[in-house]
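Report on the structure given below.
Naming: A, B, ... by sequence-line order, numbering from 1 per chain.
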Amino acid sequence: MTELTSLTIAEAREKLEAREFTSVELTEAYLSAIDAANSVFNAYVAVTPEKALDMAKASDARRASGQVGALEGIPLGIKDLFATRDVHTQACSHILDGFLPKYESTVTQNLWDDGAVMLGKLNMDEFAMGSSNETSHYGAVINPWRANGSNQQLVPGGSSGGSAAAVSAFLCAGATATDTGGSIRQPAAFTGIVGIKPTYGRCSRWGTVAFASSLDQAGPIARDVRDAAIMLRSMASVDAKDTTSVDLPVPDYEASLGQSLKGMKIGIPKEYRVEGMPEEIEKLWAQGIAWLKDAGAEIVDITLPHTKYALPAYYIVAPAEASSNLARYDGVRYGLRVDGKDIVDMYEKTRAAGFGTEVKRRIMIGTYVLSAGYYDAYYLQAQKVRTLIKRDFEVVFDAGVDAILTPATPSSAFGIADEDLASDPVKMYLNDIFTVTVNMAGLPGIAVPAGLDAKGLPLGLQLIGKPFEEETLFRTAYVIEQAAGRFTPAKWW
Amino acid sequence: MSVDLATVKRVARLARIAVTEEDANRMVGELNGIINFVEQLSEVDVTGVEPMTSVTPMDMRKRADAVTDGDKADDIVANAPTTDHNFFLVPKVVE
């Protein structure tokens, strides 16, 4: 049955339609793959085999009666940040112990409405705060990739590390993920697969545990560009329950694959050539430029002068919003409660025991920058800088640039429990240096694998587009994928 | 600006997170590291720049002021650590 799990969503869709196998068979193949390998990767924090098989049976029955949704019978993994009715939903935090929501997030409901099957909930950094998946209450996730000739365990990136590892290790056909500063694109790049963060407002945030509401956006992590296009079409929707969701028709993203790049202008921002960037990333970027040029695109040098301020502004805005969003975890309405001598003592003890170190650090930063006397100096200044970051992009797009090509990450995957990164939080934050600008400006960004480094580890390129022009990103990423090929880890598990 | 031990304790109190002396001492260094990193924003000239309030220009959607949800008290308290007759129970607040 192992070959069933190696199919892309598009391939499985075709074979299900041709009745070569059923959704139940496909789902069973994934469940046995999870059974065999999840203890190695720690990608799933909850597997839901009964629910999966029930959903698969229902899907097969629908297909028999001629009802076929866009994801009919396709088994997916769901990041633990999405509320799934009566199923483990804890944002991989101790403070949400035992939480079983009585409602379904809009994004997952859209997937089920289109016929998809849920395999279980995927590991992630606690409350999506991290770039290595090591802040999860459920422990680190292991990257299916290893450096040549090494058995050192590597991180899959974060915060959607479980999603990326599960897709890359063939433990689901595709996965939902979320991206606040790079949490879809960085793990996709670290595991040699595709991840897209759509424009802010493209997917409803309703039922997704909030981290930083003005930056959070859901998107898919998938084996290739086509699968990401198929999944995003189902995930995206306008939603009366999220007033920031946008009332624009959801295009058939798949239709944009294979379209020519002739006449398209691709911008190369000089600010993304950062100090200390490995030469191989520089080379990969040049290779990406060459591929797009060969495909008929015009390459132009551009400048995004406020790029270097995006990460510091992010580390004010995101913690500020997080400190407010996470105020709701007080031991009263859900999750963990640690008793105290009075109500304030109960709050303080509950939150001290329930939140991990990184989450506490960000709540503290957020509380500090919003506190009396500091609001103007930090928060207001950061929001003004954010306006400038967005303006940089607007100037470039107004000048006729259709998309921007950058590296996805400043390095390939690093080791679990890297001491250098653990000792300095800011160093870990620098992982998001190429991705965070996109969230600050609310733009869509896609990470697509483009090659391997000297150690044999995958590296990705990022394409940034105009608001709601995800089709341009899919079309351009597809050209890179066609040129670069696909990347699969050598199986050691 | 830099953060000292007293500030860390005050912020922890505001954030309702109990910290031990050891936690607080560690956080002084960490928070200063982050504050120093974000401090570079002060060099940006923001004269006449409006702070961002929404990344995509959009009008707030409105709807009729009508009840569209409710009658699910059992669901709402279903995940609470302690409840009684659909009330959340907390330690005594008023003496």
Where does [X] contact chain B at under 4.5 Å (heavy atoms): side chain, backbone, both or neither?
X: A:Tyr314; result: neither
X: A:Met364; result: both
X: A:Ala313; result: both
X: A:Ser323; result: neither
X: A:Ser324; result: neither
X: A:Leu311; result: both
X: A:Tyr379; result: neither
X: A:Asp86; result: neither
X: A:Lys308; result: both
X: A:Ala382; result: both
X: A:Val332; result: both

[X] versus chain A, heavy atoms under 4.5 Å apart: side chain, backbone, both or neither?
X: B:Val19; result: neither
X: B:Asp69; result: neither
X: B:Val49; result: both
X: B:Arg13; result: both
X: B:Thr7; result: side chain
X: B:Ala78; result: side chain
X: B:Glu50; result: backbone

With a 4.5 Å cut-off on heavy-atom pairs, point out which of [options] contacts chain B the most.
options: A:Met346, A:Arg386, A:Arg333; result: A:Arg333
options: A:Asp97, A:Leu100, A:Asp247; result: A:Leu100
options: A:Lys390, A:Lys341, A:Lys349; result: A:Lys390
options: A:Gly366, A:Pro312, A:Pro467, A:Ala353; result: A:Pro312
options: A:Tyr429, A:Tyr309, A:Tyr334, A:Phe355; result: A:Tyr309

*Should we count CZ of B:Phe87 as having more than 12 external heavy atoms under 6.0 Å?*
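Open: at most 12 neighbouring heavy atoms sit under 6.0 Å from CZ of B:Phe87.
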
*Verify the neighbour count for atom CG of B:Asp71: are there more than 12 heavy atoms of other residues, nucleotides or ligands below 6.0 Å?*
no

Calculate, to the nearest 0.5 Å, the distance between atoms [atom1] and [atom2] belonging to [X] and [Y] respectively.
X: B:Leu14; Y: A:Thr367; atom1: CG; atom2: OG1; answer: 7.0 Å
X: A:Gln383; Y: B:Leu41; atom1: CD; atom2: CG; answer: 11.0 Å
X: A:Lys384; Y: B:Met52; atom1: NZ; atom2: CE; answer: 13.5 Å
X: B:Ile17; Y: A:Arg361; atom1: CD1; atom2: CZ; answer: 12.0 Å
X: A:Tyr103; Y: B:Ile76; atom1: OH; atom2: CD1; answer: 10.5 Å
X: A:Thr357; Y: B:Glu30; atom1: OG1; atom2: CD; answer: 7.5 Å

Would you say the side chain of [Y] lies within less than 4.5 Å of the side chain of [X], judging by non-hydrogen atoms?
X: B:Arg16; Y: A:Val344; answer: yes
X: A:Tyr378; Y: B:Ile35; answer: yes
X: A:Leu380; Y: B:Pro51; answer: yes
X: A:Tyr368; Y: B:Val8; answer: no
X: A:Arg337; Y: B:Thr82; answer: yes
X: B:Lys72; Y: A:Lys102; answer: no
X: A:Val238; Y: B:Arg61; answer: yes
X: A:His306; Y: B:Val44; answer: yes

Output the option from [options] having the highest count of non-hydrogen pairs under 4.5 Å with chain A.
options: B:Lys92, B:Glu43, B:Met27; answer: B:Glu43
options: B:Leu89, B:Asp45, B:Asn79, B:Ile34; answer: B:Asn79
options: B:Gly29, B:Ser54, B:Gly33, B:Ala12; answer: B:Ala12
options: B:Asp75, B:Val93, B:Thr83, B:Thr53; answer: B:Asp75

*A:Arg351 side-chain N/O to B:Ala15 backbone N/O, donor-acceptor pair under 3.5 Å*: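 Present.
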
*Counting distance only, does the side-chain N/O of A:Asp342 pair as donor-acceptor with the main-chain N or O of B:Pro91 below 3.5 Å?*
no

_Minimum heavy-atom separation for B:Val55 and A:Asn439, please, with both atom names._
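Nearest heavy atoms, B:Val55 then A:Asn439: CG1-O, 4.4 Å.
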
*Return the minimal non-hydrogen interatomic distance between B:Pro81 and A:Gly331, and the atom names on each side.*
CG-O, 3.4 Å

